Structures are given as structure tokens and as C-alpha cells.
Amino acid sequence: MSSCTEPYTLLGFLSRSTSCDADDNTGPRSQVLRDYATRQFNAFLWLSLIAITALLLRKVTKLFKLWAKGSLIPGPPCPSFYGHSKLISGANLTEILSKSHEKYGSVVKLWLGPTQLLVSIKDPELIKEMLLKAKDKLPLTGRAFQLAFGQSSLFVSSFDKVQKRRDSLETELNGKLLERARVSPTKVVDCVMERIQDITSKGSLDCIKVSQHLAFTILGATLFGDAFLAWSKAAVYEELLMMIAKDACFWASYSVTPFWKQGFWRYHCLCTRLKCLTQDIIQQCRQNYKLFCRVDLNLPHNETTNIGQDAASGAPHSSSDVMPDSLLLRELDDRLDAREEPCGNITSVMFHGCLTTGGLISNILARLVTHPELQDKIHSEIIRVQKGSQKEDQQDVDKMLLLLATVYESARLLPAGPLLQRCSLKHDLNLKTGVTIPAGAILVVPVQLVQMDDSNWGSDASQFNPYRFLSEAHATSFTGSAEEPVDAGHSSFVLNDPNENAAFLPFGSGTRACVGQKFAILGVATLFASLLKHYEIRLQAGSENDPKPMMNNCVLQLLPSPKIVFMKRNSCIKKEA
């Protein structure tokens, strides 16, 4: 009542009236609601505190388990709390692993930080076991692809999520796309040679640039059909792809997408343009296919069959032939995950395929120009096999044993990357030697060390010797001296399956091995069969004394690729490249 008898003023009257009404009508109810809200809020705070504490305890427990299990793995002691991270760079990691394996054995550990454990495995049998068990990839491994091309089901950390699409892609690469790759190399070589002539009119060209053009063109023609060879925007597409490849890892190295940097937005703009170009070529392929179908329906059955046969043999009708159930047409209509970017998987395949295939082609070119006698033998083999082939417009590379052995040996000496990376995200790995690798550890295989180890490949492991993949009963060491051309078909040479050697890892191994291994080997071999049939590859005048790749502690040190020229077979006209 005292609050209602205060001195009279307008403001006081209004306040007294409000407080009196509240006290009389809603005071007890309001107090109950306030008390209830307070109790609920306090309960929420307590639950949040308990949840955060439980999460932190779980992480701390996991960290202690990592330290405890990691301490049992042999390896050099940590120089500081931050481990070996400040002593390691991309250039010297393989060298550090080489020294560590020599001292501590086939399984060694390096602490990259207080929470990051790296375990390197060098023994081929243990590598095979690890790659079968460790099916996952590090969560940030696919960040470069996602940042550039958006969500993609081909580059997911968890193997369970990516397995279905990988199986689908492998089936398609080793089926219809591989058949298409077998019939298009001649057109690819002609297309690339036209471009090379335009470029060399302005200056010289080395192996890396030639291989880039070859890899991009053969992969584009295989995925998109012959329409890609006539596509007016192909050169722009290639340039954009290489620009993105150059900067992808840099921008993906940020733990948080750097929206505040102007350079990132320029990079993002390039990626957007690349997506638009990919959609453009896919739409053209769809239109060409529909046009082809309409023409096909208006023809008699026999003529339709003939067109199908012509398409399979690389005849002109194949320029508009894109399979209706191909990966290309499903990209826009039947994505397995609605969150995926349109054309994201196709762009990722082009991105990754151009880089890896280009590296392999570049190494083969360098080997052939520095071993001209081997090039002559392969040319003789190509001519002999083609004479016995029923289809003169196709290269039967399965019978070109020396050519395939050269491709395998080039891949062995220069794999796609210095390290294979795997991870077991949920479960510890127990190797047959008794070593337990804790879940979440970074598992690496130093590929260059394994593939240049004398115990795996013999005393000439660091030397280029394609005959190591031919049957030992009749193979002779390749010394680089002038010999009579090897006729692999009429001798009893047998090509050994390189995958029978657990140390052959240029395409990985296990459940997450490269799905395009067969496609890359046979596609590149077919490309070189067509190239060497029409051209002889030579060093450009003055390049004979250029430095050659050297070995440093079993690590191949790459040097600038040699400048090369192409000589038309049976002609004195020189075509420089």
C-alpha cells in the first residue's frame, strides 16, 4: 500500500498505477514465470558445462592414448614440444624419412606437433597390409578439390561414403572410356601437333609443356568425345585448369577459407569460370548426342548398325557419340548427393587426371629422347604389331611389350607424388609385426624410397631399365648401348605384371588405389604408339649437355625438362616442339 500513497505527480501516477495493477493481477504469476525461466536457464548452463567438460575430457583422453601408443613406435626423439614440424618442409621430408628408416627400421614415427603423429612405413609387405586396412584419407586431403570445385563424392575422407562412386567411375574408365581412348590417339596427336607448331613459332617447347597439352587433350577427348577436339574454348579451359592447379594447394592450406583476401576471390573467380566451361562442353555433348540419336532413328536398321560400328572404330560419326549412361550425362541429372556441385566430379577428374597423366607423359618423353636406341626399338615393335593387326586405325598396345614396359618403368622412377597418405579415422591399426598405429595418425608411404630401394628392385634400382618388367628368362639389361631392335613379339618375352611386386606403387595400392591405373597405362601407351609411329622425338640442338636428374640419398632430384623437337618419320622436314 505504501507504493500507492506516494506524492502525486503524472509520472508517479502512471508508475503507481502500473505497479499496483501488476501487484494485484500478475505479480505472483510473473514471479513464478521468472523463477521457472531462471531454473531452466541454469539447467541449460549446467548441461552445456557438463557436455563441454565431457567433450574436453574425451579429447584429452584421446590425446593421452595417442601419446601412449605413439611412444611405442620407434622414431627420433622430439627436439621440442612442437615436434619435428619446424625441421620439415616439403622438400626435405623424404630425405628425413630416408635417414630415419635407416636408423630405426621399416616403421618410424615423427611428431608433427603435440596432436599430430606421422607414421612412415617402408617395408613392401607392411605397406600392402596397411593400405588394405587404412581406407580413409585425412579430412583436409580433399579440401583443395572442394575449395576449387565444390562438394564432390570422389574426394571424401571416409571410404564408406566414396566407395560407391569410385566403383562406378572405375567401371566406366576401364570400360567404354578406355575403348574410346584406344581409337582417338591419332586425332589427339594431330590436334596437339597443330597447336605445337603455332606455339613453337614463338619459341621452343620442353617436355613439360608438350606433356601438358597431350594429357589435357587425350583426357578431354576421352571424357567428352571428339567434340572436345573441335571445341573453340579448349585452350582457355586448359589455361584455367593449370592456373587453378598451381594455386589450389596454397589456398587449401588455410584452415579457414580466407574470404578476407583479394587473391582468394580472384582464385574463386577462376574456379567459377572453369565450372561454367565444363557445363558448356557437357551441354554441347548432350546436344550432339540428341542430334545423333535423331539421325539414327531415321535410318534403316542396317545403316544404324554400320554407324555404331563406325563410331567404335573412330570413324567421323563418333564425333557426336556420347554414351547416354555415361558419367558426363549423369552429372547434371542423377547426382548421388544433392549437395554436390554440378560437374564437380567431372572437373575433379580433369584436374587430377591432367596432373598425374601429364607427369607420366613428361617422364616418358624425357626417357625416350635420352635413349634414342630404345625409341628405335619401340618404333620397330609398333610397326610390326600394326602389320599383324586387323584394324590398322587402332593400336593394339597389348602386344607392344617393350612400350608397356617403358611406361611402367617411367612410372616407377617418377610416381605422381613423393608420398602416399592414408588414415584410419576411427580404429587403431594392428600390423602383423605387432606394431599398433593409433587411430587418427597420418600414415605415409615414401614412394620414391620404396621404388628405388635395391632390396626391392635390384642393384640397378635407380637406373632406367624397362627390361626389368620383361620375363627374366629372356630379358637383357638395358645399358643404353646400340643394339639390334628388340622384336618382343617373335621372341619369348613375357611382360611381368608390375602389381605382383608389392613395391610398385606409382598408382597406390589397396582399397583406395587409383581407379584409373589401367586407363592411364593403356591410354598413355596407345598415345605413344600413335605418336612414335609418325614422329621421332629428339633433343633440341644445344640441349645435349643439359643437366640430368640425379639421386641424392635415394631421392630423385628433378631438373628442368629437356627441350625437344619432333621429326616426321620418313621425312627430312623438322617439326619443332
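Just so it is clear, the model here is predicted, and its values are computed rather than measured. All residue numbers in this chain count up from 1 along the given sequence. The figures that follow rest on heavy atoms only: side chains count, while hydrogens, waters and symmetry mates do not.
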For [X], what residues pass the side chain to side chain donor-acceptor pair (under 3.5 Å) criterion, not counting sequence neighbours?
X: Thr436; answer: Asn430
X: Asp453; answer: Ser455
X: Gln212; answer: Glu238
X: Asp428; answer: Lys69

For residues 354-365, which residue pairs qualify under salt bridge (Lys or Arg N to Asp or Glu O under 4.0 Å), counting only residues two or more places apart or in two chains?
none

Has [X] got a side-chain atom pairing as donor or acceptor with [Y]'s backbone, closer than 3.5 angstrom?
X: Thr370; Y: Arg367; result: yes
X: Thr217; Y: Leu214; result: no
X: Ser410; Y: Thr406; result: yes
X: Asp136; Y: Ser424; result: no
X: Asn501; Y: Ala503; result: yes
X: Ser71; Y: Ala68; result: yes

About how many Å separate [atom2] of [Y] and [atom1] of [X], when rounded to the nearest 0.5 Å?
X: Gln451; Y: Leu414; atom1: CD; atom2: CG; answer: 10.0 Å
X: Leu374; Y: His379; atom1: CG; atom2: NE2; answer: 13.5 Å
X: Ser462; Y: Gln448; atom1: OG; atom2: CD; answer: 12.5 Å
X: Ile121; Y: Leu97; atom1: CD1; atom2: CG; answer: 11.5 Å
X: Ser362; Y: Lys209; atom1: OG; atom2: NZ; answer: 12.5 Å
X: Ile378; Y: Leu402; atom1: CD1; atom2: CG; answer: 4.5 Å

Residues in salt bridge (Lys or Arg N to Asp or Glu O under 4.0 Å) contact with [X], at least two apart in sequence or another chain:
X: Lys133; value: Glu129
X: Glu409; value: Arg412, Arg468
X: Arg422; value: none

My understanding is that only residues two or more places apart in sequence, or in another chain, count here; which of them pass ring-ring contact (aromatic ring centres under 6.0 Å, His included) with Tyr237?
Phe216, Trp231

Show your reasoning for whether side-chain contact (heavy atoms from CB on, under 4.5 Å) applies to Leu112 and Ile442.
CA-CA 10 Å; Leu112 303 182; Ile442 304 172; 4.1 Å; yes

Ring-plane angle category for [X] and [Y], please: parallel below 30°, perpendicular beyond 60°, tilted otherwise.
X: Phe259; Y: Trp265; answer: tilted
X: Phe464; Y: His371; answer: tilted
X: Tyr267; Y: Phe264; answer: tilted
X: Phe64; Y: Trp67; answer: perpendicular

Which pairs, with at least one residue in residues 107-124 and sequence neighbours excluded, count as a side-chain hydrogen bond (donor to acceptor under 3.5 Å, both in side chains)?
His101-Ser120

Which atom of [X] lies closest to which atom of [Y], heavy atoms considered:
X: Phe507; Y: Ala411; result: CE1-CB, 4.4 Å
X: Leu132; Y: Gly510; result: CD2-CA, 3.9 Å
X: Ile437; Y: Ala441; result: CG2-CB, 3.9 Å
X: Lys399; Y: Glu381; result: O-OE2, 4.2 Å
X: Leu274; Y: Leu240; result: CD1-CB, 4.0 Å
X: Leu63; Y: Pro114; result: CD1-O, 3.5 Å

Kindly indicate, with the supporting measurements, whether the criterion side-chain contact (heavy atoms from CB on, under 4.5 Å) is fulfilled by Ile361 and Val210.
CA-CA 9 Å; Ile361 293 174; Val210 174; over 6 Å; no

Can you find a pair of side-chain heavy atoms, one from [X] and one from [Y], that are under 4.5 Å apart?
X: Val524; Y: Ile364; answer: yes
X: Val407; Y: Leu360; answer: yes
X: Leu355; Y: Phe351; answer: yes
X: Cys271; Y: Ile244; answer: yes
X: Leu118; Y: Val444; answer: yes
X: Leu443; Y: Gln421; answer: no
X: Tyr408; Y: Pro466; answer: no
X: Met400; Y: Ile382; answer: yes

Mind running side-chain contact (heavy atoms from CB on, under 4.5 Å) on Leu270 and Arg266 for me, showing each step along the way?
CA-CA 6 Å; Leu270 294 177; Arg266 289 193 293 268; 5.9 Å; no

Are Thr278 and Met350 close enough, and set up right, to give a side-chain contact (heavy atoms from CB on, under 4.5 Å), and what steps lead you there?
CA-CA 10 Å; Thr278 305; Met350 284 292 294; over 6 Å; no

Holding to side chain to side chain contact (heavy atoms under 4.5 Å, CB included), I want the full list of residues that pass it with Thr433, two or more places apart in sequence or in another chain.
Leu126, Leu431, Val435

Taken in chain and number order and not counting sequence neighbours, the residues that satisfy side chain to side chain contact (heavy atoms under 4.5 Å, CB included) with Pro76 are His84, Ser100, Tyr104, Leu110

